Amino acid sequence: MKKSVVVFTSFAFLLALSVPAVAQPSSKAVETRIIDDFDTVDSQNYQVPLKKSTQDTEGTQPLNWTWNVQASHFIDKENGFPKKDYFKGQPNALKVFQKSDVEAKVLGVQTSFLRKGENWFEVYPEKDGKPFEIPFVGTVTQLDFWVWGANYLYFIDILIRDADGRVYTLPAGNLAFNGWRNVIVQIPSYIRQHSRLRSGPTTMTFVGFRIRTDPDEYVDNFTVFFDQLKFSTNALSNIFDGYELKDLEFGDSSSSGSSNSSSSQGDAK
């Protein structure tokens, strides 16, 4: 009995060696990608995959955008609020990674509302004068950014749009602290990040930041700064056997099909 078990085990081992190995993307191939470090104004060169409309198209393309701010009704428009600008500076924790030939900058926003209440403002990417949503790459596990708080009881949220077109609001805590803080937001598993259809959006997208005031908090002079917006992702998670055919365009397939059919009938005669 023992001899037969040994023979069977050896046969199974040899069979496993004879089967050709098929490489599959690792579920643990996690990497970090920077969306914007805010050091170069309006020039992020954020790399995203090209949409493969033909078999010859491959690689990545850079995306660039500007940042803009919009606010709720009681913003003090007469005095130019909300205000946005870039300033020299960065969190101490990031200084060790800073390139010597690049000056560190952060994105700053200042607001002033005319009265207390449920006020809000949004910091969002813009391209060609219109809101622009930044596409993620791969399957994202978390978002990561640095924010400077002025110890006001304001609440910050992340806005993302899933691959079905729904916008989700992900709470990122409050700003009732002084100075820089690293904020990490987990992406819930129920959010669809990739379309199951060829015609759908290809990925989940970043819509922007939203900051809401506590109804009892002061609103006449608030400032906030952002730095190092990035995310953790498995960039290979949505790659499958035959992925290069997903976005292939057929062209005028009806005419080519009819011509082939005619030629076949002619040959038969």
Side-chain angles (χ1 to χ4, degrees), residues 21-40 42-65 67 94 97 107 123-127 131-147 156-172 182-210 226-249:
V22 179
Q24 296 293 335
S26 172
S27 61
K28 298 181 180 179
V30 177
E31 58 185 275
T32 298
R33 299 204 174 194
I34 297 177
I35 295 177
D36 199 345
D37 58 13
F38 302 101
D39 291 341
T40 307
D42 303 338
S43 182
Q44 295 81 10
N45 287 322
Y46 171 64
Q47 299 292 323
V48 297
L50 283 167
K51 184 174 181 181
K52 297 187 177 183
S53 57
T54 68
Q55 290 180 325
D56 298 330
T57 305
E58 59 183 12
T60 62
Q61 63 177 337
L63 290 181
N64 296 284
W65 57 86
W67 290 95
L94 298 180
F97 303 108
L107 176 66
V123 183
Y124 63 96
E126 189 176 78
K127 192 176 181 68
F132 172 71
E133 298 182 8
I134 303 170
F136 289 103
V137 178
T139 299
V140 180
T141 56
Q142 65 183 35
L143 271 168
D144 182 334
F145 63 96
W146 287 83
V147 61
I156 183 168
D157 301 321
I158 297 292
L159 303 178
I160 61 172
R161 187 185 303 275
D162 73 0
D164 290 329
R166 303 183 186 92
V167 174
Y168 288 85
T169 300
L170 304 181
N182 184 218
V183 177
I184 297 175
V185 180
Q186 303 294 331
I187 304 299
S189 59
Y190 57 79
I191 294 180
R192 186 185 293 276
Q193 299 197 34
H194 307 282
S195 175
R196 61 185 178 84
L197 306 173
R198 290 185 68 248
S199 58
T202 55
T203 63
M204 180 177 69
T205 58
F206 176 83
V207 178
F209 299 98
R210 175 182 288 164
F226 296 94
D227 200 8
Q228 198 73 273
L229 173 62
K230 57 185 183 294
F231 61 93
S232 299
T233 181
N234 181 352
L236 302 178
S237 62
N238 198 43
I239 306 300
F240 50 86
D241 190 9
Y243 178 80
E244 70 279 2
L245 302 176
K246 182 175 182 291
D247 297 318
L248 203 65
E249 297 294 339

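All of these numbers come straight from a predicted model, not from anything done at the bench.
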TODO: Please list, chain by chain and in numerical order, all residues satisfying side chain to side chain donor-acceptor pair (under 3.5 Å) with Asp227, sequence neighbours excluded.
DONE: none

Open item on the list: Going by the rule side chain to side chain contact (heavy atoms under 4.5 Å, CB included), which residues pair with Ser43 if we only count those two or more places apart in sequence or in a different chain?
Closed with: Thr40, Asn45, Asn64

Task: Trp146: side chain to side chain donor-acceptor pair (under 3.5 Å) partners, not counting sequence neighbours - done: none

TODO: With the side chain counted from C-beta on, respond yes when Trp67 and Asp36 share a heavy-atom pair under 4.5 Å apart, and no when they do not.
DONE: yes

Open item on the list: Closer than 3.5 angstrom, by distance alone: can the side chain of Gln44 be matched with the main-chain N or O of Ile35 as a donor-acceptor pair?
Closed with: no

Task: Sequence-distant partners of Tyr124, ring-ring contact (aromatic ring centres under 6.0 Å, His included), two or more places apart - done: none

TODO: Evaluate the side-chain proximity of Ile191 to Ile160: yes if any heavy-atom separation is below 4.5 Å, no if none is.
DONE: yes

Open item on the list: Applying salt bridge (charged side-chain N to carboxylate O under 4.0 Å, His left out) as the test, list every pair that has at least one member in residues 133-147; sequence neighbours left out.
Closed with: Glu133-Arg161, Asp144-Lys230

Task: Minimum heavy-atom distance between Thr205 and Pro135, given as atom pair plus value - done: CG2-CA, 3.9 Å

Task: Side-chain heavy atoms of Phe209 within contact of Phe145, under 4.5 Å - done: yes

Open item on the list: Working to the nearest 0.5 angstrom, can you tell me the gap between Thr141 OG1 and Gln193 CD?
Closed with: 8.5 Å

Open item on the list: Is it the case that the side chains of Thr139 and His194 hold a donor-acceptor pair, with the cut-off being a distance below 3.5 Å and no angle test?
Closed with: yes

TODO: With the side chain counted from C-beta on, respond yes when Ile158 and Phe206 share a heavy-atom pair under 4.5 Å apart, and no when they do not.
DONE: yes

Open item on the list: Less than 4.5 Å apart, side chain to side chain, heavy atoms only: is that true for Ser232 and Val140?
Closed with: no

Task: Non-neighbouring partners of Phe132 that pass ring-ring contact (aromatic ring centres under 6.0 Å, His included), sequence neighbours left out - done: none

Task: Over all atoms of both residues, closest heavy-atom pair of Ser195 and Ala163 - done: N-CB, 3.4 Å

Task: Centroid-centroid under 6.0 Å between Phe226 and Phe38 rings - done: no

- [ ] State the CD1-OH distance between Ile187 and Tyr168, to the nearest 0.5 angstrom.
- [x] 11.5 Å

Task: Expected output: side-chain Thr233 to main-chain Val137 donor-acceptor under 3.5 Å - done: yes

Open item on the list: The criterion is side chain to side chain contact (heavy atoms under 4.5 Å, CB included); which residues satisfy it with Asp39, sequence neighbours excluded?
Closed with: Asp37, Gln98, Val102, Ala104, Lys105

Open item on the list: Show the nearest heavy-atom pair for residues Trp65 and Leu63, with the distance to one decimal.
Closed with: CZ3-O, 3.6 Å

TODO: List for me each residue that meets salt bridge (charged side-chain N to carboxylate O under 4.0 Å, His left out) alongside Asp157, sequence neighbours excluded, and say none if there are none.
DONE: Arg212

TODO: Please examine the side chains of Gln228 and Ile34, heavy atoms only from C-beta on, and report whether any two atoms are closer than 4.5 Å.
DONE: yes

Task: salt bridge (charged side-chain N to carboxylate O under 4.0 Å, His left out) partners for Lys127, two or more places apart - done: none

Task: salt bridge (charged side-chain N to carboxylate O under 4.0 Å, His left out) pairs, two or more places apart, involving residues 185-195 - done: Asp164-Arg192

Open item on the list: Does any part of the side chain of Tyr46, heavy atoms only, come nearer than 4.5 Å to the side chain of Ile134, both counted from C-beta?
Closed with: yes

Open item on the list: For a 4.5 angstrom cut-off between non-hydrogen side-chain atoms, does Val185 reach Gln142?
Closed with: no

